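First up is the structure itself, then whatever we jot down about it.
Both backbone and side-chain heavy atoms feed into the values below; hydrogens, waters and symmetry mates do not. This is a predicted model, so every value here is computed, not measured. Below, read A as the first sequence line, B as the second, and so on, with proteins coming before strands; counting in each chain starts at 1.
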Amino acid sequence: MKTIDPSPACPLPVSQYPNILMGHGGGGRLTHQLIEDVFGQAFSNPILDTRHDSAQFSVPPGRLAMTTDSYVVRPLFFPGGDIGSMAVYGTSNDLAMSGARPLYLSCGFIIHEGMSMESLKRVVSSMRDAAEQCGVQIVTGDTKVVERNEREGLFINTTGIGVIESSLRIAPQSVRPGDVVVLSGDIGRHGIAIIAVREGLEFDCVIESDSTAVHEPVLRMIRAGIEIHCLRDLTRGGLAAALNEISETAGVRISVEETAIPVREDVHAACEMLGLDPLHVANEGRFIAFIAEPDAARALQILQQHPVSAGSIVIGKVSNVPPAMVTLKSAIGTSRILDMPSGEQLPRIC
Amino acid sequence: MSGDDPLERMGRVNFGGIIKEASLAFVPDAKIGDYVIVHVGFALSTLDEEEARKVFDYLDRMEDLAELKEASP
Amino acid sequence: MKFLDEYRDAGLARKIAGEIHRITTMPWAIMEVCGGQTHAIVKFGIDELLPRQITLIHGPGCPVCVTPLEIIDKALEIASLPNVIFTSFGDMLRVPGSAADLLSIKARGHDVRIVYSPLDAVRIAVQNPGKEIVFFGVGFETTAPATALAVFRAAQLGLTNFSMLISHVLVPPAIEALMSSPNCRVQAFLAAGHVCTVMGFEEYFPLARKYHVPIVVTGFEPLDILQGILMTVTQLESGRAEVENQYTRAVRRDGNQHARDLIGKIFRIVPRRWRGMGEIPRSGLGLSDAYAAFDAEKKFDLAERPVEEPKECIAGTILQGLKKPCDCPAFGTLCTPEHPLGATMVSSEGACAAYYRYRHIVAAEPVNSK
């Protein structure tokens, strides 16, 4: 009896497909090859290699932290990083913001039909390198392919689990009047790096995204016994959003000195040109720390010794003067309210 | 700078570290090294350094005057 | 010298402010007619450094804010047509028309694009011969040379798929209209520095004489604005009413001749409606007959529809300087940057948006303490 081979296209090795096809998301042979040859090889570790429906692992003693984030950035590749490295660092950093050591990540890929295999491999390889840097393992994942449309190829979701090794409750609720606010470095680089590529702006020396892992300086502070009350990494909405979120949740006033906030000259110039406020521009490798006043000097010292937070500086203080809001003392000595940025930042023109 | 036709002249302008092209159609006398005011991609005026300093000279003079006033009874 | 940071120096700012305090003996009301200046004043809290007797009134200096509702509606109508690529400066995208704004039209799938320069729109026209490209030409005299050159370039290239929806406005007629209103309390003006880099400041002499108001051409940085105010108050205190130039590093008396020549060639002076102020004769620029082919209002058969402003919006009185944003019952409640009722809340140079973002706390130390 003749049997008809039910498998659809001929099973060429994945390397022979220059672009992702709908079939790669079908769950059949093409999907299997994609997982093996692209993801499996790059992310290989004993947990992932079991290739089971779910990852099984033990965690060291301590409370757990868990976070999830989806990455839809365009362009996929930009000076200083790409969507892959961002996906790993971003989720790792969110864990670090609870004082947790990042351990495991999952990643879900939604790939647009037609995306180049070359680009996908670049992203995956970048994720592997970032994971190594963070000391995390990618232990489980998912792949879907969706119909081609005008948007460039890829969305990534990462969920992360970490372990909190200290007894500190690092959260907005722990913020107290008198706390010192420390910023880990200059702001605005990531947002400008992205907009520069999108709008075709040229720089004397290229502005690179500040996307990086920030858990090491955080863990160092914890191990040194610094009384950290809260941490928040600056992402969309920039420094203004982060400060406002904490002020609102903790119900405190935060006063900040504008002249203390470091902004690189070219980032500043780009913002002026585009009519953007550096305080509202996205970052990917910066965070603010709310430290108990007696430990502030020591915390600053520890942060400044790590390359990722070498530019750390005190930018403000927490008080209980009502109402709860964020205030900014300007370069010419007047004070104003620093509000939450509204909606999409439209470039100013007049 | 490029372009023979004065209205098509474009220049590369340095905005504090960022370089972008702008039309020099309205500032035909602009030379390399000049500072210009740019609006929506067009240079509208060259900055006069001499005049720019005057703001600060004026302030210095103000300070001298204030000191004089304090000195006199 | 890099011409930027030096003009924001705190010590110098307080010095000038201190001098203003020293010479002010009476209450004065000064109006600035430039969105960029409004923005800087509110952002840096310059009005807080001034003596209480000086009131800064924010005039109709934001071209986005004064664009009449009818034109926004026409823009929306054109942008909704198939086969049209509608290009505009970023600021105009969230200005509310009668029913929607350009951003929501864009969200519905129509081709609406932000451009930085009118020349970008011409480029898009060249790259898309099968489509109709329309550029939303909004702005004061500062922007007119750019739109003029874009039209000139389009004509040179023989483009038939390019047109402009024009709403250019001129400053001096607005000042005249304000001064001739019986409610006007303005006693002096800071003239817009960048408008004057193009137009020069000849046109202000007759106004200063006729209405006996000092007019000082002023830049945008905090030190410029403070020095402009100092020069203005000096005149007011001595009863003078002259035209002076604070922004000498960028502005010459006849402005930029090349720009003015091109403007004269491409445009002609027309009456314009200003949102919140009604029609002001000879206060706008429209395309001259020679370039009528590039006029989007003529090209697209647009119906003349009566428009009504939202009842709660008092942008008109704010633009005339008769009320402040905080006087508006809808300010911060029904009307916020996320859901603006009027143009003054949308544009970052609009008085309402500036007040909303930078609401001040009275926390600055008194200036004359030494």
Side-chain angles (χ1 to χ4, degrees), chain B residues 2-31 33-72, chain C residues 1-7 9 11-13 15-16 18-19 22 36 89 115-120 139-143 145-150 152-153 156 193-198 219-221 223-224 226-227 230-231 245-252 255-262 370:
Chain B
S2 62
D4 296 313
D5 179 355
L7 282 183
E8 287 182 40
R9 227 164 127 243
M10 301 288 287
R12 286 154 63 82
V13 179
N14 182 332
F15 297 81
I18 293 174
I19 303 194
K20 202 154 193 323
E21 257 201 346
S23 163
L24 302 178
F26 302 116
V27 286
D29 301 329
K31 308 175 297 297
D34 281 348
Y35 281 87
V36 286
I37 301 227
V38 177
H39 184 71
V40 300
F42 285 81
L44 292 178
S45 170
T46 47
L47 286 187
D48 186 329
E49 197 158 336
E50 186 58 46
E51 293 292 339
R53 263 187 239 292
K54 284 191 185 164
V55 176
F56 301 98
D57 292 343
Y58 177 81
L59 286 165
D60 285 338
R61 281 203 317 272
M62 251 169 61
E63 185 153 71
D64 295 340
L65 275 176
E67 280 169 10
L68 275 177
K69 286 195 167 63
E70 276 172 24
S72 53
Chain C
M1 216 193 179
K2 282 238 171 128
F3 296 111
L4 250 195
D5 287 337
E6 299 88 354
Y7 296 91
D9 183 290
L12 294 179
K15 226 195 242 186
I16 305 182
E19 184 64 14
R22 202 182 61 75
F89 295 131
V115 291
Y116 290 106
S117 163
L119 283 184
D120 295 336
F140 279 108
E141 295 95 319
T142 334
T143 317
T147 42
L149 193 56
F152 187 75
R153 179 65 49 81
Q156 263 186 336
H194 287 165
V195 165
C196 296
T197 57
V198 175
F220 299 77
E221 297 296 329
L223 288 199
D224 290 318
L226 283 164
Q227 194 184 19
L230 177 58
M231 289 163 72
N245 183 7
Q246 178 278 333
Y247 202 24
T248 53
R249 64 186 186 279
V251 174
R252 277 118 215 149
N256 185 318
Q257 200 53 52
H258 306 277
R260 293 171 68 186
D261 287 344
L262 193 65
K370 266 245 170 121

| Which answer fits C/Gln257, side chain, backbone, both or neither, if we ask what part of it has an atom under 4.5 Å from a heavy atom of chain B? |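 Contact with chain B is absent: no heavy atom of C/Gln257 under 4.5 Å.
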Which atom pair, heavy atoms only, marks the closest approach of [X] to [Y]?
| X | Y | result |
| --- | --- | --- |
| C/Ala250 | B/Ser45 | O-OG, 2.7 Å |
| C/Thr143 | B/His39 | OG1-NE2, 3.1 Å |
| C/Leu149 | B/Ala25 | CD2-CB, 3.7 Å |
| C/Asn256 | B/Phe26 | ND2-O, 2.9 Å |

Euclidean distance, [Y] [atom2] relative to [X] [atom1], rounded to 0.5 Å:
| X | Y | atom1 | atom2 | value |
| --- | --- | --- | --- | --- |
| C/Leu119 | B/Met10 | CG | CE | 6.5 Å |
| B/Ile37 | C/Thr197 | CD1 | OG1 | 6.0 Å |
| B/Leu24 | C/His258 | CG | NE2 | 11.5 Å |
| C/Tyr247 | B/Leu47 | OH | CG | 6.5 Å |

| query | What part of B/Ser23 is in contact with chain C, defined as an atom under 4.5 angstrom from a non-hydrogen atom: side chain, backbone, both or neither? | reply |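 Side chain only.
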| field | chain C contacts, top residue of B/Thr46, B/Val27, B/Val36 (heavy-atom pairs, under 4.5 Å) | value |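 Looking at each option in turn, the highest pair count goes to B/Thr46.
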| How far apart are the C-alpha atoms of B/Asp48 and C/Thr248, what are their side-chain angles, what is the distance that settles it, and do they pass the side-chain contact (heavy atoms from CB on, under 4.5 Å) test? | CA-CA 8 Å; B/Asp48 186 329; C/Thr248 53; over 6 Å; no
